[in-house]
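Presented below is the structure to which this report refers.
Just the heavy atoms: all of them, side chains too, but no hydrogens, waters or symmetry mates, feed the values below. For the single chain, residues carry numbers from 1 onward in sequence order.
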Amino acid sequence: MAITLNSNALELNIARYMNLTNNRLNKSLERLSSGYKLNRAADGAAQMMLAETMKTQIRGYDAATTNLQQGLSMVETADSALQQINEHLQNIREIAVAAANGTNSSAQYTAYQASLTAELAAINSIASGSTYGDFNLLDGSISGGSAFNIQAGPNSGDTIDIKTAFSNNTTGASGLNITQTTLSTTANATTLLGQVDTAINTLTSNLATIGGFQNRLSDRMDYLSIAKTNVSASLSSIRDTDVAAESSNLARLQILQQAGAYALARVNTFPNIALSLLSG
């Protein structure tokens, strides 16, 4: 190896390696301190793009889960109201059976009429008063309108139309169709009995529809939870720092840095050798 005064090629080469080591050491420290191995697009443009897409999906899963919870609460509110209406229908049926007996007096029919009027009013009060936010659930205003969609996923088209869960359950002709509202004879009672049996069947069918939506919304929430977990795991493998591997890499770089500093100190003594030759 030539010994020169004006330039020291070995020193320049060692300095270059030290700069590379220092840059990598800084990058390793950044990854450990932030917890991310992708801190900017320069760390991996394609991986950063994929990670951001996954983050968007995860946030969409969270928002859709909230939507489903609200939809489920809405359906459960209607379910509870229908259970109450069913109790009143059972009461009306009991009244109709009792009133169909030919031994009833006019005073008894008066009492039956009062009970029937109260029960019908209770049903209509529940049906018209069962609301969720700004929506009336059981007066037919939802089921008679356009689609009532729940955004049930992170992407366009991930919707569930729940409008058929909210049928008209008032006592009128467009609802449960109990039109026999007077009760003064056995014939009235027989007509009422037939109508209330049909109404109970209708309400039972409405309950079954609501139960189906409850299961569907709950199942969708379970799916979103699983999907979010899987995407989060994938995102972690792409974005997050492997602390064990990076700690090992940091230790290696620190050793290289110390070795480089030692080598640079040693190579800086070479010009002194040239001077000693000249002085000799």
Side-chain angles (χ1 to χ4, degrees), residues 69-102 104-150 160-218:
Q69 288 172 336
Q70 292 175 344
L72 186 58
S73 296
M74 192 174 185
V75 171
E76 288 175 343
T77 299
D79 186 350
S80 298
L82 286 183
Q83 298 287 355
Q84 296 179 43
I85 290 175
N86 185 54
E87 288 298 317
H88 290 289
L89 287 176
Q90 296 296 337
N91 291 342
I92 291 174
R93 191 179 194 285
E94 186 176 352
I95 292 168
V97 170
N101 189 8
N104 290 320
S105 64
S106 58
Q108 287 176 306
Y109 277 116
T110 299
Y112 291 144
Q113 179 66 62
S115 297
L116 173 62
T117 300
E119 294 294 338
L120 293 173
I123 290 174
N124 287 324
S125 177
I126 294 170
S128 61
S130 297
T131 59
Y132 187 90
D134 296 332
F135 301 101
N136 191 300
L137 304 181
L138 299 178
D139 67 348
S141 58
I142 294 178
S143 59
S146 56
F148 197 92
N149 288 327
I150 299 296
I160 298 176
D161 184 1
I162 63 172
K163 83 169 197 173
T164 55
F166 309 111
S167 55
N168 189 338
N169 287 272
T170 59
T171 60
S174 58
L176 298 176
N177 198 28
I178 301 177
T179 57
Q180 182 63 55
T181 59
T182 58
L183 196 56
S184 58
T185 65
T186 56
N188 294 157
T190 300
T191 300
L192 176 61
L193 183 59
Q195 290 182 357
V196 75
D197 281 343
T198 300
I200 290 172
N201 289 334
T202 299
L203 185 134
T204 301
S205 177
N206 294 342
L207 279 171
T209 299
I210 284 180
F213 278 114
Q214 286 175 316
N215 291 333
R216 188 176 176 186
L217 294 175
S218 295

side-chain hydrogen bond (donor to acceptor under 3.5 Å, both in side chains) assessment of Asn206 paired with Thr209: CA-CA 5 Å; Asn206 294 342; Thr209 299; 5.4 Å; no
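- The backbone N or O of Thr171 sits less than 3.5 Å from a side-chain atom of Asn124, completing a donor-acceptor pair.
- Residues in residues 76-99 take part in these salt bridge (charged side-chain N to carboxylate O under 4.0 Å, His left out) pairs, two or more places apart or across chains: Arg93-Asp197.
- The backbone N or O of Thr179 lies less than 3.5 Å from a partner atom in the side chain of Gln195, making a donor-acceptor pair.
- Side chain of Asn136 to backbone of Ser128: a donor-acceptor contact under 3.5 angstrom is found.
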Assess the residue pair Thr181 and Leu120 against the criterion (side chain to side chain contact (heavy atoms under 4.5 Å, CB included)); give the C-alpha distance rounded to whole Å, side-chain angles, the decisive distance to 0.1 Å, and a yes or no. CA-CA 8 Å; Thr181 59; Leu120 293 173; 3.8 Å; yes
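- Of all heavy-atom pairs between Leu137 and Phe166, the closest is O-CB, 3.0 Å.
- Within the model, atoms CD of Glu119 and CD1 of Ile178 stand 10.0 Å from one another, a figure rounded to the nearest 0.5 Å.
- In this structure, CG in Leu82 is found 8.5 Å from CG in Asn86, a value given to the nearest 0.5 Å.
- Atoms CG and OG1, on Leu207 and Thr202 in that order, are 11.0 Å from each other to the nearest 0.5 Å.
- Residues satisfying the side chain to side chain contact (heavy atoms under 4.5 Å, CB included) test with Ala81, not counting sequence neighbours, are Ile126, Ser130, Leu138.
- Taking both residues in full, the closest heavy atoms of Ala78 and Ile210 are given as CB-CD1, 3.8 Å, listed atom of the first, atom of the second, then distance.
- Considering every non-hydrogen atom in both Thr170 and Asp139, the closest pair reads CG2-CA, 4.4 Å.
- Taking all atoms of both residues into account, the shortest heavy-atom contact from Ser105 to Gln108 is N-OE1, 2.7 Å.
- Within the model, atoms CD1 of Ile95 and CD of Gln90 stand 11.5 Å from one another, a figure rounded to the nearest 0.5 Å.
- The ring pair (Phe, Tyr, Trp, His ring centres under 6.0 Å) analysis of residues 114-149, with sequence neighbours excluded, yields the pairs Phe135-Phe148.
- For the atom pair Ile200 CD1 and Leu89 CG, the distance stands at 5.5 Å (nearest 0.5 Å).
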Does Asn188 form a side chain to side chain contact (heavy atoms under 4.5 Å, CB included) with Gln113? I'd like the steps, not just the answer. CA-CA 11 Å; Asn188 294 157; Gln113 179 66 62; over 6 Å; no
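- In plain terms, the two heavy atoms of Lys163 and Gly145 that are nearest each other are NZ-O, 2.7 Å.
- Side-chain atoms of Thr204 and Asn201 form no donor-acceptor pair, as typed in the model, at a separation below 3.5 Å.
- Residues satisfying the side chain to side chain donor-acceptor pair (under 3.5 Å) test with Thr182, not counting sequence neighbours, are Gln180.
- For the residue pair Ser167 and Asn169, a side-chain donor N or O sits within less than 3.5 Å of a side-chain acceptor on the partner.
- Atoms OG1 and CG, from Thr186 and Asn101 in turn, are 9.0 Å apart once rounded to the nearest 0.5 Å.
- Taking every heavy atom of both residues into account, Ala99 and Asn104 meet most closely at O-ND2, 3.3 Å.
- For Ser125, the side chain to side chain donor-acceptor pair (under 3.5 Å) criterion is met by no residue, not counting sequence neighbours.
- Listed by chain and number, the residues in a side chain to side chain contact (heavy atoms under 4.5 Å, CB included) with Ser143 amount to none (sequence neighbours excluded).
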Show, in sequence, the C-alpha distance, side-chain angles and deciding distance for Ser73 and Gln69, and conclude whether the side-chain hydrogen bond (donor to acceptor under 3.5 Å, both in side chains) test is met. CA-CA 6 Å; Ser73 296; Gln69 288 172 336; over 6 Å; no
